[in-house]
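Written out below as structure tokens is the structure these notes cover.
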Amino acid sequence: MSEKQPEINYIEELKNICGTVLLNEPMSLHTSFRTGGPAEVFIKAESTENIISAIDIAKKYNKQYIITGNGSNILVKDGGIDGIVINIGNEMSKIKCDGTKIYAQAGAMLSALATAAADEELTGLEFASGIPGTVGGAVFMNAGAYDGEIKDVIEYADVIDSEGNTHRLIKDELELSYRHSVIAEKNMIVVGAMFNLNKGIKKNITDKMADFAKRRRDKQPLNYPSAGSTFKRPEGYFAGKLIEDSGLKGKTVGGAQVSEKHAGFVVNIGNATSSDIIALMDGCIETVYNKFGVKLEPEVRILGKDL
Ligand SMILES: Cc1cc2nc3c(=O)[nH]c(=O)nc-3n(C[C@H](O)[C@H](O)[C@H](O)COP(=O)(O)OP(=O)(O)OC[C@H]3O[C@@H](n4cnc5c(N)ncnc54)[C@H](O)[C@@H]3O)c2cc1C
């Protein structure tokens with residue numbers, strides 16, 4: 001067995017495969033909550049091979065790794081993340097249309113995907129236009145809004161498994177349900193996905209997207225950093241209503257607040273720490289449980305370590 005390699009080799013090896021290798025990178029720059037401590041190493045993936053090589057290096061040096069997309073559904077603790085953050089974003093964001101099908105790399109934004117569909121007069125992805133995440137994050141979460149979810153439109157996803165092998169998983173194999181997928185369960189990585197849409201009328205498609213955007217602006221606190229809905233929808237209830245009916249609307253911990261506009265959103269009203277947000281979330285969970293006997297579950301994924 002070879003001896004444990006010095007840390008420097010691990011960074012150098014990553015630099016050999018990736019154009020962007022950032023050290024001690026504040027995750028507050030990469031999360032929609034605008035909070036979170038530093039990532040030991042933050043790399044921007046450029047290809048599937050790149051991701052597989054990064055995982056090999058992580059394994060060789062016994063480092064943990066996590067995947068991020070646009071950071072719109074993660075809360076990184078204030079102590080940051082040990083190991084490697086493999087970011088799948090802009091560098092892997094190609095979108096290709098072919099008839100009624102669209103293939104998107106995992107780093108493509110859902111807004112770009114929805115716009116590409118509209119440009120091709122394809123209907124089915126209007127729901128996704130206002131969700132501020134990537135295709136990879138959306139498949140992982142089975143993102144959805146209004147009248148649609150990823151499950152309705154996806155044909156297959158190309159993934160890397162935890163051993164570094166690639167597979168094409170068809171819709172049923174993805175086991176998509178409310179904010180759940182096999183990707184999350186089996187620690188897989190999405191590198192691209194095929195969507196199967198229907199021919200539509202461009203004006204109807206863009207009108208629907210504009211209507212959804214207006215509904216978001218009217219109802220959601222889009223002027224403050226957040227991760228969207230903080231909690232999953234408990235069966236038979238709405239998290240926001242339970243929180244509001246518990247008298248928690250507007251409640252603050254440090255710079256974190258239960259939004260005055262929509263109690264389903266915890267927002268960063270200025271210099272919140274992730275600990276503030278977590279303390280406020282815990283307070284909501286406890287109060288709602290004591291009042292209604294319903295256990296709220298975070299929708300936002302909490303990552304990293306405490307300070
Ligand atoms: C204002 C606002 C409104 C929102 N509205 C909605 C909404 O209407 N509906 C909805 O469903 N969500 C909504 N969200 C939440 C969020 O945008 C979605 O969950 C989105 O799909 C997350 O994508 P992301 O790229 O930002 O993922 P990230 O936040 O970066 O990651 C989320 C999770 O996915 C994993 N992940 C990311 N990329 C990959 C990949 N390529 N392969 C494997 N795992 C991956 C990460 O490890 C993490 O666990 C909203 C968020 C905000 C801030």
Side-chain angles (χ1 to χ4, degrees), residues 27 30-36 39 42 44-45 48 51 55 64-76 81 84-93 104-114 126-152 154 157-162 169 174 176-193 212-213 215-217 219-233 240 259 261-262 264-268 298-304:
M27 286 303 292
H30 303 282
T31 58
S32 57
F33 257 134
R34 298 280 169 257
T35 64
F42 183 98
K44 288 178 182 275
T48 301
I51 298 168
I55 294 172
Q64 294 169 24
Y65 66 88
I66 62 156
I67 307 296
T68 63
N70 199 41
S72 65
N73 209 28
I74 54 175
L75 176 60
V76 176
I81 297 177
I84 312 169
V85 171
I86 304 175
N87 178 247
I88 303 182
N90 234 351
E91 291 69 16
M92 286 183 67
S93 61
Q105 283 188 300
M109 290 294 288
L110 289 177
S111 52
L113 177 66
E126 295 88 333
F127 78 89
S129 58
I131 301 177
T134 60
V135 164
V139 175
F140 179 97
M141 298 296 294
N142 185 27
Y146 304 110
D147 64 348
E149 55 182 351
I150 291 296
K151 186 180 179 207
D152 301 334
I154 195 164
D158 289 323
V159 306
I160 303 172
D161 68 19
S162 54
L169 298 184
L174 289 166
L176 299 167
S177 60
Y178 177 66
R179 303 299 174 263
H180 171 270
S181 71
V182 77
I183 307 293
E185 220 167 76
K186 300 220 169 126
N187 212 10
M188 291 176 174
I189 300 171
V190 180
V191 293
F212 289 162
R215 282 154 70 174
R216 272 182 198 275
R217 282 195 306 274
K219 291 250 167 67
Q220 300 182 0
L222 300 182
N223 49 333
Y224 289 115
S226 78
S229 299
T230 315
F231 299 102
K232 291 184 188 167
R233 198 176 53 235
S259 166
K261 190 166 178 182
H262 187 320
F265 283 56
V266 168
V267 290
N268 177 355
E299 175 170 325
V300 52
R301 314 272 304 184
I302 301 174
L303 307 172

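Please read all numbers here as calculations on a predicted model, not as lab measurements. Note that the numbering runs from 1 along the sequence shown for the chain. Atoms within each ligand, like the ligands themselves, are counted from 1 in listed order.
- Among all protein heavy atoms, the one lying closest to atom 5 (N) of ligand 1 is R216 NH1, 3.1 Å.
- Residues passing the side chain to side chain donor-acceptor pair (under 3.5 Å) test with N223: none are found, sequence neighbours excluded.
- The nearest heavy-atom contact from the protein to atom 31 (O) of ligand 1 is I74 CG2, 3.7 Å.
- Between F265 and K219, the closest side-chain pair of non-hydrogen atoms is not below 4.5 Å.
- Checked by distance only, ligand 1 and S32 stay at 3.5 Å or farther apart across all their nitrogen or oxygen atoms.
- Between L174 atom CG and I150 atom CD1 the span is 10.5 Å, to the nearest 0.5 Å.
- Atom 52 (C) of ligand 1 has as its closest protein heavy atom G228 N, 3.3 Å.
- Taking 4.5 Å as the limit, some side-chain heavy atom of V267 sits within range of a side-chain heavy atom of S226.
- For the residues I67, I51, N87, the heavy atom positioned nearest atom 46 (C) of ligand 1 is part of I67.
- Each of the following atoms of ligand 1 lies closer than 4.0 Å to a heavy atom of V190: 40 (C), 41 (N), 42 (N), 43 (C).
- Side-chain atoms of Y178 and E299, non-hydrogen and from C-beta on, do get closer than 4.5 Å to each other.
- Residue-level proximity to ligand 1 for L222 is carried by the side chain, the only part with a heavy atom below 4.0 angstrom.
- Ligand 1 lies less than 4.0 angstrom from a heavy atom belonging to R179.
- For a threshold of 3.5 Å applied to N or O pairs, the pair formed by G69 and ligand 1 contains at least one separation below that value.
- The side-chain heavy atoms of V135 and L110, taken from C-beta on, include a pair separated by under 4.5 Å.
- The distance from ligand 1 to the heavy atoms of G133 drops below 4.0 Å at these ligand atoms: 17 (O), 20 (C), 23 (O), 24 (P), 25 (O), 26 (O).
- Taking a 6.0 Å sphere around CZ of F127, one finds it holds more than 12 heavy atoms contributed by other residues, nucleotides or ligands.
- The protein atom (non-hydrogen) at minimum distance from atom 11 (O) of ligand 1 is G144 N, 3.0 Å.
- Heavy atoms from other residues, nucleotides or ligands lying under 6.0 Å from CZ of R233 number 12 at most.
- The closest approach between a heavy atom of I131 and any atom of ligand 1 is below 4.0 Å.
- Checking only distances, Q220 never comes within under 3.5 Å of ligand 1, N or O to N or O.
- Taking all atoms of both residues into account, the shortest heavy-atom contact from P225 to S32 is CB-O, 3.1 Å.
- With a 4.5 Å cut-off on side-chain heavy atoms, R301 and F140 count as touching.
- Put simply, NZ on K232 and NE2 on H180 are 8.5 Å apart, with the number rounded to the nearest 0.5 Å.
- Taking the side chain as every heavy atom from C-beta outward, M141 and N73 approach each other to under 4.5 Å.
- Considering backbone and side-chain atoms together, I183 places no N or O closer than 3.5 Å to any N or O of ligand 1.
- The contact set between ligand 1 and A138, taken as ligand atoms under 4.0 Å from a residue heavy atom, comprises 21 (O).
- In this structure, the side chains of I67 and M188 stay at 4.5 Å or more apart for every pair of heavy atoms.
- Residues satisfying the side-chain contact (heavy atoms from CB on, under 4.5 Å) test with R217, not counting sequence neighbours, are A213, K214, L222.
- Of the heavy atoms in N73, both backbone and side-chain atoms come closer than 4.0 Å to ligand 1.
- Ranking protein heavy atoms by distance to atom 17 (O) of ligand 1, first place goes to S72 OG, 2.7 Å.
- Each of the following atoms of ligand 1 lies closer than 4.0 Å to a heavy atom of A145: 8 (O).
- Residue M141 has at least one heavy-atom neighbour below 4.0 Å for each of these atoms of ligand 1: 19 (O).
- Every atom of ligand 1 with a heavy atom of M188 under 4.0 Å away is listed here by number and element: 43 (C).
- Here the side chains of I81 and F42 are not in contact, with every heavy-atom distance at 4.5 Å or above.
- Below 4.0 Å from some heavy atom of A143 lie the following atoms of ligand 1, by number and element: 11 (O), 21 (O).
- For atom 25 (O) of ligand 1, the closest non-hydrogen atom of the protein is T134 OG1, 2.6 Å.
- Within the 4.0 Å heavy-atom criterion, neither part of S229 lies near ligand 1.
- The nearest heavy-atom contact from the protein to atom 4 (C) of ligand 1 is P132 CD, 3.6 Å.
- Against a heavy-atom cut-off of under 4.0 Å, I88 is close to the following atoms of ligand 1: 41 (N).
- The single protein non-hydrogen atom nearest to atom 37 (C) of ligand 1 is G137 CA, 3.6 Å, given as residue, atom name and distance.
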